[in-house]
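Input: a single structure, listed below in structure tokens.
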Amino acid sequence: MGLDASVGCNCMRDGKAKPCPVGPVLLGEEGYWQLDLPWESHQREHVAFDVWRRTACEHEDMDAAGERVANWSGVSLFREALHAVGAEKFPALLSELPSANGGQTDAAACATILAELERFECLETVRRGTFLVNSETGDRLHEYVAAHEGVIVLCGRSGLDAGFDPHGVFIREREGRELFRAQRVAQRLLDPGRTRRHKGGRAEFTNLETGERAVLKITISGRIIPYEDGSWTDRKGRVRSEYPSRLHVEEQDEVPADFAYITAPLRKLCEAALATGNPIRWA
């Protein structure tokens with residue numbers, strides 16, 4: 001789950017689109033061309049319209065730009081970073097970047113957003129971030145998201161949550177009772193087959209500073225890795241992950257490049273909105 005966005009093209013307005021085989025067609029309030037007929041009793045027309053819209057012009061789905069902006073954790077982290085630098089420096093970004101799906105940003109606001117993105121990308125350092133790190137490789141696995149209270153795993157089978165904060169890795173019951181906490185952790189899968197088949201599984205967690213151990217029905221995954229055939233998901237849409245045997249929490253400096261995952265698509269969307277005069281449509 002996350003935030004996507006697009007900017008419509010002007011091919012329909014400029015007479016560059018293929019004639020639509022059905023009608024009437026209008027530009028809806030959400031900024032998309034749509035067939036002005038009820039679905040009931042007009043299913044064939046709607047199917048024909050959807051086929052037409054995908055190939056009506058040189059732009060797929062009649063979008064001058066279409067971008068995956070970020071997952072919601074990424075959006076929250078970017079918001080936190082903007083506040084850390086100074087909310088007064090990024091009023092347009094903070095007001096226009098949505099916290100839920102839906103809505104629009106007028107093209108007129110995009111010049112200001114681009115200027116704010118430029119200001120952000122020129123920073124030398126953004127802030128100190130708190131990360132969950134694979135102790136064996138040094139790779140950052142997750143960044144602490146205050147809006148999510150640091151939770152990174154919600155296990156419905158066991159009713160347990162796992163996460164981390166500046167004080168270490170924690171595992172707790174859904175109601176809040178903490179069962180394990182450590183700054184440096186060893187994780188040993190006890191049911192690796194079940195864990196890797198997404199059927200649940202236990203792990204033994206060891207506090208490497210105190211020796212305290214806990215066997216719990218939850219695991220903490222790391223980097224997503226492809227399947228043997230190169231695909232990132234299986235037939236059921238499940239991902240495959242590594243399960244690091246050593247983890248620790250560490251503070252590190254964050255720089256603007258760490259947020260390129262969201263600043264780059266935002267830049268493309270704003271540039272398309274300014275070029276077409278059309279709004280960014282958040283979805």
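The structure presented is a predicted model; accordingly, all values stated were derived computationally and were not measured. Numbering starts at 1 and runs along the sequence shown.
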*side-chain contact (heavy atoms from CB on, under 4.5 Å) assessment of Leu269 paired with Thr105*: CA-CA 10 Å; Leu269 291 163; Thr105 291; over 6 Å; no
Taking C-beta and beyond as the side chain, do [X] and [Y] meet within less than 4.5 Å on heavy atoms?
X: Val185; Y: Ile220; value: no
X: Asp165; Y: Thr130; value: no
X: Leu160; Y: Glu173; value: yes
X: Cys110; Y: Ile280; value: yes

Keeping the roles fixed (side chain from [X], backbone from [Y]), state whether a donor-acceptor pair exists under 3.5 Å.
X: Asp14; Y: Lys16; answer: no
X: Trp52; Y: Lys18; answer: yes
X: Asp258; Y: Val255; answer: yes
X: Glu116; Y: Ala92; answer: yes
X: Ser231; Y: Tyr227; answer: no
X: Glu204; Y: Arg188; answer: no
X: Glu45; Y: Val22; answer: no
X: Glu250; Y: Val133; answer: no
X: His198; Y: Val239; answer: yes
X: Glu30; Y: Gly102; answer: no

In Å, rounded to the nearest 0.5 Å, how long is the span from [atom1] of [X] to [atom2] of [Y]?
X: Ser221; Y: Leu141; atom1: OG; atom2: CG; answer: 8.5 Å
X: His248; Y: Arg184; atom1: NE2; atom2: CZ; answer: 4.5 Å
X: Leu123; Y: Lys89; atom1: CG; atom2: NZ; answer: 7.0 Å

*Mind jotting down which residue pairs meet the salt bridge (charged side-chain N to carboxylate O under 4.0 Å, His left out) criterion with at least one end in residues 269-283? Sequence neighbours excluded, please.*
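Output for this query lists Asp63-Arg281.
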*Show your working on side-chain contact (heavy atoms from CB on, under 4.5 Å) between Asp106 and Glu96 and close with a plain yes or no.*
CA-CA 9 Å; Asp106 290 339; Glu96 295 296 334; over 6 Å; no
*Could you tell me which residues satisfy side-chain contact (heavy atoms from CB on, under 4.5 Å) with Pro265, sequence neighbours excluded, listed by chain and number?*
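Checked Pro265 against side-chain contact (heavy atoms from CB on, under 4.5 Å); matches are Glu67.
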For [X] versus [Y], what's the shortest heavy-atom pair and its separation?
X: Glu121; Y: Arg267; result: OE1-NH2, 2.7 Å
X: Ile262; Y: Gly74; result: CD1-O, 4.4 Å
X: Val25; Y: Cys20; result: CG2-SG, 3.8 Å
X: Ala107; Y: Asn278; result: CB-O, 3.7 Å
X: Trp282; Y: Ala5; result: CE3-CB, 3.6 Å

*In terms of the angle between their ring planes, are Phe120 and Phe90 parallel, tilted or perpendicular, with boundaries placed at 30° and 60°?*
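Rings of Phe120 and Phe90: perpendicular, as their planes differ by over 60°.
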*In terms of the angle between their ring planes, are Tyr144 and Phe164 parallel, tilted or perpendicular, with boundaries placed at 30° and 60°?*
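Perpendicular: the ring planes of Tyr144 and Phe164 meet at over 60°.
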*asked:* Salt bridge or not between Asp61 and Arg54? Use side-chain N to carboxylate O under 4.0 Å.
replied: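 Salt bridge between Asp61 and Arg54, a charged N being under 4.0 Å from a carboxylate O: no.
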*Answer yes or no: is there an ion pair linking Arg181 with Glu212, defined by an N-O contact shorter than 4.0 Å?*
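Salt bridge absent between Arg181 and Glu212.
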*Under 4.5 Å between side-chain heavy atoms, hopping through other hydrophobics if needed: is there a path connecting Ile171 to Leu132?*
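Yes, Ile171 connects to Leu132 through the hydrophobic network.
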*Please answer: with hydrophobic residues joined when any side-chain heavy atoms are less than 4.5 Å apart, are Val145 and Val75 in the same cluster?*
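Yes; Val75 is reachable from Val145 via cluster members.
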*Qualifying residue, where the test is side chain to side chain donor-acceptor pair (under 3.5 Å) with Arg202 and the options are Thr195, Thr219, Asp191*: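 When side chain to side chain donor-acceptor pair (under 3.5 Å) is applied between Arg202 and each of Thr195, Thr219, Asp191, only Asp191 qualifies.
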*Scan Arg128, Arg140, Glu143 and name whichever one has a side chain to side chain donor-acceptor pair (under 3.5 Å) with Gln252.*
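Result for side chain to side chain donor-acceptor pair (under 3.5 Å) with Gln252: Arg140.
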_Verdict with reasoning, Arg172 to Leu179, per side-chain contact (heavy atoms from CB on, under 4.5 Å)_ = CA-CA 5 Å; Arg172 67 191 186 197; Leu179 305 177; 5.7 Å; no
*Residues which pass salt bridge (charged side-chain N to carboxylate O under 4.0 Å, His left out) with Arg238, listed by chain and number, not counting sequence neighbours*: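 With sequence neighbours excluded, Arg238 shows a salt bridge (charged side-chain N to carboxylate O under 4.0 Å, His left out) to Asp234, given in chain and number order.
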_Assess the residue pair Leu3 and Trp72 against the criterion (side-chain contact (heavy atoms from CB on, under 4.5 Å)); give the C-alpha distance rounded to whole Å, side-chain angles, the decisive distance to 0.1 Å, and a yes or no._
CA-CA 7 Å; Leu3 181 64; Trp72 286 117; 3.9 Å; yes
*Answer yes or no: are there more than 12 heavy-atom neighbours, outside Glu60 itself, under 6.0 Å from its atom CD?*
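Atom CD in Glu60 is not packed in, count stays at 12 or less.
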